[in-house]
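Worksheet: the structure to be examined is printed underneath.
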Amino acid sequence: MNLSRTVVYAGGVFTAYEDAKVGLLTHGLQYGTGCFEGIRGYWDAAERELWLLQLLEHYERLALSAKILTMKLPHTPSEMAELTRELVARNEFETDIYIRPCIFKAAEDIGVRLHGVPDAFAIIPIPFKKYLDVTGGLRTCTSSWRRVDDSCAPPRAKITGLYVNSALAKSEAQENGFDEAIMLSHDGHVAEGSAENIFLVRRGVLYTPDPSQNVLEGCTRRSIMEIARNEFSIPIVERSIDRGELYCADEIFFTGTAIGVLHVASVDRREVGDGAMGPITRKLSEFYDRAVRAREPRYRDWVTPTYAERRAPV
Ligand code: PMP
C-alpha cells in the first residue's frame, strides 16, 4: 500500500505521511515505550458516509494507557475525536478504514526510562478491509506463550512494547498451521487472543474473562456485552475461565475493533460445537455489524459521520 500522500496528523499539524519521519534512535522504537489505539471507520456506499466507530471510547482508553506510562497527551479525548474526524475528511476516503493514533517517547538517545523524555503524538489513517480473512471460522490453538502479567507490565494499557507478546503467540500459531492463538495467563487461565478478546457460550450463558485476567479492556468486548444484555437478554458472566472450558463450549468467538466478531471453529484441534458459527454468535455479530454502520437507531451514538457537514444544506 502506498501511503506517501496520505494525510496524517503529526507534530501538531496535518502533513503527508512521507514527510512525517521518526529517527532511528527514537525511544519508542528502541524500547517500545509508546501506546496506541486502533479505530475503525466503515464506509456506507449508499449513504456516501464514512462512520467512525466509538472515537471517544478509544481516546479515553488512550488517555488511560498514556497515564499508566506517565505520558501527557497534547489534547483531550474530545479534541482528539474531532481532530480524527477532520483528518479522515481531509483524506476523502471512500472505503473502510483503520485509524492508528499513538503517543510515544520521542527522544533520540540511549537510556531506557519514562521520566524526563518528551512525548510525540500522531494519528495515521489507512484504507483497510478485513484483518483476518477467514471464512468458516478460526482454527485456534492455546499458545505456549503466556499473556504478559500485570505485575510485569499492565496489559490493560495498549502499550507498543507489549505487542511482542502478541507477535510471538500469533507467529507460533500461524507457523504451526493455525489462524490465531489463545493466550493463557501465568496461572493457566484463559486471557485473550493476540489482538482480540474472547467469549464462550455454554448452555445459553455468555462467559468472558473478567478485566483482572490480564486482558485489554476491549471496546468491542464492551459493545458486545451491551448488545447481549440489552437486545437479547443473554446472561453474561465475567470470571476466570479454565483451558478445559474452551473444549466444552457450545460457541466461542473473538471480538476486536479490527475484526468485529469472528467465530472460532476449533481450539487445539477440537471442534467448537459442530465447528459452524453458533446461533448466539450469529445474532450478536449481525447486530454489531448493523450498529457500526449506523443502522441501529438506538446505537447511533456509537458512530460519528465523517462527511455529514460536507453535505449539509447551506
Ligand atoms: N486484546 C488485545 C491484546 C488487543 O490488541 C485488542 C485490539 N485492540 C483487543 C483485545 C480488542 O480490543 P478492541 O475491541 O478495543 O479493539
Side-chain angles (χ1 to χ4, degrees), residues 32 34-42 52-66 68 77 80-81 84 96-103 124 126 128 130-132 138 140 142-143 145-150 152-173 180-185 189-200 206 208-228 238 241 252-262 264 284-285 287-289 291-292 299 302-303:
C35 48
F36 65 98
E37 272 303 318
I39 305 176
R40 264 301 214 164
Y42 290 102
L52 306 178
L53 182 60
Q54 297 176 326
L55 289 173
L56 214 49
E57 286 81 351
H58 283 282
Y59 281 117
E60 280 164 359
R61 186 170 66 188
L62 185 66
L64 288 179
S65 297
I68 287 172
M80 290 185 281
T84 302
D96 290 350
I97 61 166
Y98 182 85
I99 304 160
R100 170 56 55 82
C102 55
I103 177 168
I124 309 108
I126 60 165
F128 196 80
K130 281 203 161 110
Y131 178 69
L132 291 170
L138 294 168
T140 67
T142 47
S143 180
W145 295 101
R146 293 290 164 103
R147 182 69 177 130
V148 70
D149 187 71
D150 192 85
C152 306
R156 80 190 62 239
K158 208 166 158 54
I159 297 172
T160 313
L162 292 190
Y163 278 79
V164 166
N165 186 209
S166 293
L168 287 166
K170 176 87 173 202
S171 284
E172 179 192 55
E180 183 55 288
I182 298 173
M183 285 187 280
L184 307 178
S185 52
H189 289 111
V190 175
E192 58 184 342
S194 67
E196 308 87 13
N197 291 112
I198 190 166
F199 286 84
L200 280 63
L206 204 50
T208 193
D210 68 83
S212 72
Q213 301 295 317
N214 297 306
V215 299
L216 186 74
E217 295 178 11
C219 296
T220 322
R221 174 184 184 276
R222 195 163 56 199
S223 303
I224 286 300
M225 284 167 43
E226 201 177 322
I227 293 171
E238 291 179 76
I241 292 174
I252 300 180
F253 60 86
F254 281 133
T255 63
T257 302
I259 58 156
V261 176
L262 215 49
V264 171
L284 292 173
S285 156
F287 194 98
Y288 178 83
D289 284 348
V292 300
Y299 295 80
W302 280 10
V303 288

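Every number for a ligand or one of its atoms is a count from 1 in the order of the listing. Predicted model, so just to flag it, every value in this text is computed and none were measured.
- The nearest non-hydrogen atom to atom 8 (N) of ligand 1, considering only Lys158, Glu57, Arg147, Met183, comes from Lys158.
- Residue Val148 comes nearest to Asn165 through the heavy atom pair N-OD1, 2.8 Å, listed as atom of the first residue, atom of the second, then distance.
- The N/O atoms of Arg221, backbone and side chain alike, include none that comes under 3.5 Å of an N/O atom in ligand 1.
- Between Cys219 and ligand 1, a contact under 3.5 Å exists for at least one N or O pair.
- No side-chain donor-acceptor contact under 3.5 Å links Arg40 to the backbone of Tyr98.
- Scanning all protein heavy atoms for the shortest distance to atom 11 (C) of ligand 1 gives Asn197 OD1, 3.6 Å.
- The single protein non-hydrogen atom nearest to atom 7 (C) of ligand 1 is Ala195 O, 3.4 Å, given as residue, atom name and distance.
- Closest to atom 5 (O) of ligand 1, if we only count protein heavy atoms, is Tyr163 OH, 2.4 Å.
- The protein heavy atom nearest to atom 14 (O) of ligand 1 is Thr220 OG1, 2.6 Å.
- Within the listing of ligand 1, atoms 11 (C), 14 (O), 16 (O) sit less than 4.0 angstrom from a heavy atom of Gly256.
- Under the 4.5 Å side-chain criterion, counting only non-hydrogen atoms from C-beta, Ile198 is in contact with Ile182.
- In the vicinity of Thr257, heavy-atom distances shorter than 4.0 Å reach the ligand 1 atoms 13 (P), 14 (O), 15 (O), 16 (O).
- Residue Glu192 places at least one N or O, backbone or side chain, under 3.5 Å from an N or O of ligand 1.
- The distance criterion of under 3.5 Å between nitrogen or oxygen atoms is not met by His58 with respect to ligand 1.
- Scanning both residues, Val215 and Asp210, for their nearest heavy atoms gives CG2-O, 4.0 Å.
- Residue contacts with ligand 1: Ser166 is placed with no nitrogen or oxygen under 3.5 Å of a nitrogen or oxygen of the ligand (distance criterion only).
- Checked by atom type and distance alone, the side chain of Ser65 pairs as donor or acceptor with a backbone atom of Lys158 at under 3.5 Å.
- Separation of the Tyr288 and Tyr299 ring centroids does not fall under the 6.0 Å cut-off.
- Salt bridge status for Glu37 with Arg61: present, with a side-chain N to carboxylate O gap under 4.0 Å.
- The nearest pair of heavy atoms linking Pro101 to Ile39 is CG-CD1, 3.9 Å.
- The heavy atom nearest to atom 12 (O) of ligand 1, considering only Gly193, Ser194, Gly218, is found in Gly218.
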Exercise for the section: In sequence, state the C-alpha distance, the side-chain angles, and the governing distance for Arg221 and Glu238, and then conclude on salt bridge (Lys or Arg N to Asp or Glu O under 4.0 Å). Expected result: CA-CA 11 Å; Arg221 174 184 184 276; Glu238 291 179 76; 2.7 Å; yes
